[in-house]
Visitor: 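Before we start, here is the structure in question, set down as structure tokens.
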Amino acid sequence: MPKCRRTSCASATRRGSDMARMTMVEAIRDAHDVAMGRDDKVVVFGEDVGYFGGVFRCTAGLQAKYGPSRCFDAPISESGIVGAAVGMAAYGLKPCVEIQFADYMYPAYDQIVSEAARLRYRSAGEFTCPIVIRMPTGGGIFGGQTHSQSPEALFTHVAGLKTVVPSNPQDAKGLLLAAIDDPDPVIFLEPKRLYNGPFDGHHDRPVESWKTSPLSEVEEGWCPIPLGRANVVREGGDLTVLAYGTMVHVALAAVAESGTDAEVIDLRTLIPLDVDAIVASVRRTGRCLIVHEATLTSGFGAELAALVQRNCFWHLEAPVLRVAGWDTPYPHAQEWHYFPGPARIVENIRAVMEA
Amino acid sequence: MAARKGKKISNVSAEDLTAYYRDMLLIRRFEEKAGQLYGMGLIGGFCHLYIGQEAVVVGLEAAAEEGDKRVTSYRDHGHMLACGMDPKGVMAELTGREGGYSKGKGGSMHMFSKEKHFYGGHGIVGAQVPIGAGLAFADKYKENGRVTFTYFGDGASNQGQVYETFNMAALWSLPVVFVIENNQYAMGTAQKRSTSTPEIHTRGEAFGIPGEAVDGMDVLAVRAAGETAVAHCRAGKGPYILEVKTYRYRGHSMSDPAKYRTREEVQKMREERDAIEHVRQMLLDGKHASEDDLKAIDKDIKDIVNKAAEFAKESPEPALDELWSDIYADTAPQNA
């Protein structure tokens with residue numbers, strides 16, 4: 001278990017009757033509910049989102065509660081969905097749309113990059129695009145190459161977008177509320193392997209449930225977590241491990257197995273990035289390992305590595321290493337050889353420590 | 001294109017007709033001036049002139065009411081002038097100056113005006129179409145009775161997202177008029193080389209969206225069609241498609257070698273079908289205006305355009321700080 005948790009929805013002083021136990025799915029649904037109840041400009045739509053309640057059930061019950069004008073089904077038209085959301089946002093609504101899998105995002109990429117991200121700049125601030133685009137991301141579910149990808153670097157590469165990746169129910173609710181409240185377009189990547197329980201990468205062990213995790217204690221009501229603040233999920237002095245999404249849990253398991261006293265930082269939002277938290281930690285530990293599920297080359301880890309060497313060069317005791325998915329399509333067979341599991345992370349922790 | 005013979009002008013006042021003449025002439029003279037400034041090196045990059053298509057946007061603006069929205073592609077100068085945006089601000093955006101509508105950060109293809117309900121100016125072919133549906137959705141959600149004119153070209157009509165949008169607009173019964181400005185060339189490719197059906201207005205049939213073809217060189221025909229479309233939308237009957245058959249006299253952009261059509265074809269359109277000349281003749285034939293009246297208008301327009309050009313030359317370039325602003329509301333870019 002992590003030694004400490006910084007800022008989140010939950011805080012020791014507020015535990016009690018205003019907390020509820022939720023899975024990540026339930027926390028996301030609750031964030032929608034709270035945001036829709038608070039502001040009638042918030043509309044929620046996407047494929048299967050309305051009547052059916054979403055393929056992962058993240059919007060279940062919202063249409064019944066708020067009516068079909070506020071939570072509704074869209075045709076299988078990702079470009080049309082995001083494009084329509086841009087138009088709605090330009091005229092005062094706050095659309096929160098679901099792309100059923102992040103892998104289905106590519107037809108909408110034109111709208112995300114050329115329209116949503118750029119509207120503010122090219123109108124010199126006269127028009128804005130406050131939309132949230134939610135997408136289940138990542139692997140670990142035998143989804144193969146079109147249901148397992150982690151495309152976060154395609155968004156962090158685009159000025160004008162914010163990119164968020166929660167790793168637990170508390171953060172999912174708080175960060176989604178902040179994303180919906182944000183004046184800019186936010187890409188909200190939900191690690192689908194974490195929807196119903198934490199996952200430490202040991203795929204051969206019994207599936208865990210959120211119900212037994214303190215991270216499933218979610219504050220009720222309006223409890224946004226500001227974007228751009230990382231969370232130190234384990235304090236330590238030997239090295240700094242940077243991770244987000246599913247890999248936070250895998251990194252924690254690997255650190256425990258490695259026997260090192262590593263500091264593990266859950267980045268939570270990639271843009272804006274909590275540079276101060278990263279730099280402060282690496283300057284103290286002098287060693288840094290970056291972990292992500294996405295393919296290695298040109299992944300977000302490359303950006304993190306550049307940032308660390310630029311800001312911490314004279315403090316570094318070892319080269320910055322990255323553990324990531326291989327530069328291959330996400331495989332169907334041999335998924336656990338692709339997925340950067342605890343064994344690969346332990347190996348790299350040792351490499352960083354021994355360098 | 002339909003013959004114009006026998007067209008009555010009894011349903012239009014002399015005042016309206018004069019206003020259309022004036023608005024179309026402003027667009028043409030503005031665009032001619034933009035072409036000159038481009039030639040002088042004062043406008044860089046891309047610049048798509050609207051010359052020849054003036055009756056389309058002026059006719060449709062005549063069917064619009066206050067609060068109706070418009071969104072269009074990269075050939076957008078005419079739309080901005082027709083909805084009342086300041087020629088100075090438009091020209092200064094072309095020259096990339098601080099006094100431009102987007103402080104020079106948008107350029108020819110990317111300008112906006114909240115005041116005039118103009119939602120751009122979009123440089124990606126067809127990308128504005130779902131945005132137009134989204135605007136219409138917001139109007140419907142707010143129950144404000146407004147309509148969105150979503151303009152795109154015959155080339156854009158082959159983009160997939162147009163059909164995603166047709167489906168959504170029909171499914172949700174959105175108050176949006178899809179205006180297909182068919183100028184017959186998708187950049188350098190004639191419609192017959194790129195488009196399976198010559199009658200693009202029929203492409204809504206599969207979605208249950210009514211459509212009609214309109215003579216886009218006749219401002220009154222465009223206005224009449226626009227009124228039908230707008231009435232359909234305001235009555236809550238959902239979207240409507242107008243395929244406005246028009247013609248662009250100039251190249252696709254400023255660097256067009258014009259190898260894809262003959263000089264004679266262009267000349268014939270200019271001589272026989274020019275929309276501004278058509279209105280000018282109607283004004284004179286109907287004795288609604290004298291040659292002197294029209295000369296006064298010409299002079300006035302020339303003056304407005306010259307002032308816009310002067311403004312666009314004199315307005316300073318935006319400060320370097322502008323490079324880093326308007327990216328996020330409250331967050332600096334990562335490496336700022």
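Since the model is a prediction, treat every value here as computed from it, not as a measurement. Values below: all heavy atoms of this structure, side chains included; hydrogens, waters and symmetry mates excluded. The chains referred to below are lettered A, B, ... by the order of the sequence lines, with proteins before strands, and numbering in each begins at 1.
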Visitor: Does this structure show an ion pair linking R120(A) with D330(B), if we count only N-O contacts that are shorter than 4.0 Å?
Guide: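 No, R120(A) and D330(B) are not salt-bridged.
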Visitor: Is the shortest side-chain heavy-atom distance between V86(A) and P130(B) below 4.5 Å?
Guide: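 SC-SC contact between V86(A) and P130(B) ruled out.
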Visitor: For G87(A) versus L135(B), what's the shortest heavy-atom pair and its separation?
Guide: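 Reported closest heavy-atom pair: O-CD2, 3.2 Å.
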Visitor: Please rank G107(B), G134(B), G123(B) by heavy-atom pairs under 4.5 Å with chain A and give me the top one.
Guide: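 Looking at each option in turn, the highest pair count goes to G134(B).
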Visitor: Considering all heavy atoms of both residues, which atom of I81(A) and which atom of M168(B) are nearest to each other, and what is their separation?
Guide: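 Shortest heavy-atom separation between I81(A) and M168(B) comes out as N-CE, 4.1 Å.
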Visitor: Describe, in one word, how the ring planes of F45(A) and W172(B) are oriented to each other, choosing from parallel (under 30°), tilted (30 to 60°) and perpendicular (over 60°).
Guide: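 Perpendicular, since the angle between the ring planes exceeds 60°.
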Visitor: Could you pull out the closest heavy-atom pair between K103(B) and A124(A), with the gap in Å?
Guide: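 Taking every non-hydrogen atom into account, CG-CB, 3.9 Å.
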Visitor: Given that the side chain runs from C-beta out, which part of F118(B) has a heavy atom under 4.5 Å from chain A: side chain, backbone, both or neither?
Guide: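 Looking at F118(B), just its backbone touches chain A.
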Visitor: If we count only N and O atoms by modelled type, under 3.5 Å, do the side chains of H122(B) and R118(A) hold a donor and an acceptor together?
Guide: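 Side chains of H122(B) and R118(A): no pair found under 3.5 Å.
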Visitor: With a 4.5 angstrom heavy-atom cut-off, which part of A90(A) approaches chain B: side chain, backbone, both or neither?
Guide: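 Both backbone and side chain of A90(A) come within 4.5 Å of chain B.
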Visitor: Quick check: closest heavy atoms across D110(A) and A127(B), and the distance to 0.1 Å?
Guide: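 Scanning both residues completely, I find the closest heavy atoms to be OD2-CB, 4.1 Å.
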Visitor: What distance separates M88(A) CE from K142(B) NZ, expressed to the nearest 0.5 Å?
Guide: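 The NZ atom of K142(B) is 11.5 Å from CE of M88(A), to the nearest 0.5 Å.
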Visitor: Below 4.5 Å from any heavy atom of chain A, which atoms of Q159(B) appear? Answer side chain, backbone, both or neither.
Guide: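 Interface part for Q159(B): neither.
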Visitor: At a heavy-atom separation under 4.5 Å, does E126(A) approach chain B through its side chain, its backbone, both, or neither?
Guide: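 It is both, since atoms from each part get that close.
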Visitor: Where the side chain of T165(B) meets the backbone of G80(A), is there a donor-acceptor pair that is under 3.5 Å apart?
Guide: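 No; zero donor-acceptor contacts below 3.5 Å.
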Visitor: Nearest 0.5 Å please: distance from the CZ atom of F127(A) over to the OG atom of S102(B).
Guide: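 The CZ atom of F127(A) sits 9.5 Å away from the OG atom of S102(B).
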Visitor: About how many Å separate NZ of K41(A) and OH of Y141(B), when rounded to the nearest 0.5 Å?
Guide: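 Answer rounded to 0.5 Å: 9.0 Å.
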Visitor: Which bit of S325(B) comes within less than 4.5 Å of chain A, counting heavy atoms only: side chain, backbone, both or neither?
Guide: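 For S325(B), backbone heavy atoms alone lie under 4.5 Å from chain A.
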Visitor: Between Y121(A) and H110(B), does a side chain to side chain contact (heavy atoms under 4.5 Å, CB included) hold up when you go through it step by step?
Guide: CA-CA 10 Å; Y121(A) 187 83; H110(B) 309 116; over 6 Å; no
Visitor: I131(B) versus Q111(A): any side-chain heavy-atom pair under 4.5 Å?
Guide: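 I131(B) vs Q111(A): side chains touch.
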Visitor: If you count heavy-atom pairs under 4.5 Å with chain B, which of P95(A), G160(A), A89(A) comes out on top?
Guide: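 Heavy-atom pair counts peak at G160(A).
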Visitor: Is A74(A) close to chain B through its backbone or its side chain, or both, or neither, when contacts mean heavy atoms under 4.5 Å?
Guide: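 Both parts, heavy atoms under 4.5 Å.
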Visitor: So for V82(A), is it side chain, backbone, both, or neither that comes closer than 4.5 Å to the heavy atoms of chain B?
Guide: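 For V82(A), neither part sits under 4.5 Å from chain B.
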Visitor: State the CZ-CE distance between R122(A) and M109(B), to the nearest 0.5 angstrom.
Guide: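 Here the interatomic distance stands at 9.5 Å.
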Visitor: Where do P272(A) and T331(B) come nearest, in terms of heavy atoms and distance?
Guide: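 What the structure gives for the nearest pair is CB-CG2, 3.8 Å.
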Visitor: If you round to the nearest 0.5 Å, how far is CG of L227(A) from OH of Y328(B)?
Guide: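 Taking OH in Y328(B) and CG in L227(A), the distance rounds to 11.0 Å.
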Visitor: To the nearest 0.5 Å, what is the distance between CD (Q161(B)) and OG (S77(A))?
Guide: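 Taking CD in Q161(B) and OG in S77(A), the distance rounds to 10.5 Å.
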Visitor: Any cation-pi pair here, K114(B) with Y91(A), using under 6.0 Å and within 45°?
Guide: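 No, cation not above the ring by the 6.0 Å, 45° rule.
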Visitor: Flag yes if more than 12 heavy atoms outside Y51(A) fall under 6.0 Å of its OH atom; otherwise flag no.
Guide: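 Atom OH in Y51(A) is not crowded, with 12 or fewer foreign heavy atoms closer than 6.0 Å.
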Visitor: So what's closer than 4.5 Å to chain B heavy atoms on V158(A): side chain, backbone, both or neither?
Guide: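 Contact with chain B is through the backbone of V158(A) alone.
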Visitor: Looking at every non-hydrogen atom in both residues, tell me the closest pair between F112(B) and S123(A) and how far apart they are.
Guide: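 Heavy-atom minimum between the residues: CD1-CB, 3.2 Å.
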Visitor: What part of E78(A) gets closer than 4.5 Å to chain B, counting heavy atoms only: side chain, backbone, both or neither?
Guide: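 When you check distances to chain B, only backbone atoms of E78(A) fall under 4.5 Å.
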Visitor: Let's test your reading of the structure: which of L323(B), L174(B), N167(B), L171(B) forms the most heavy-atom pairs below 4.5 Å with chain A?
Guide: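 Most heavy-atom pairs within the cutoff with chain A belong to L323(B).
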Visitor: Against chain A, label E322(B) side chain, backbone, both or neither, depending on which of its atoms sit under 4.5 Å from a heavy atom there.
Guide: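 The backbone, not the side chain.
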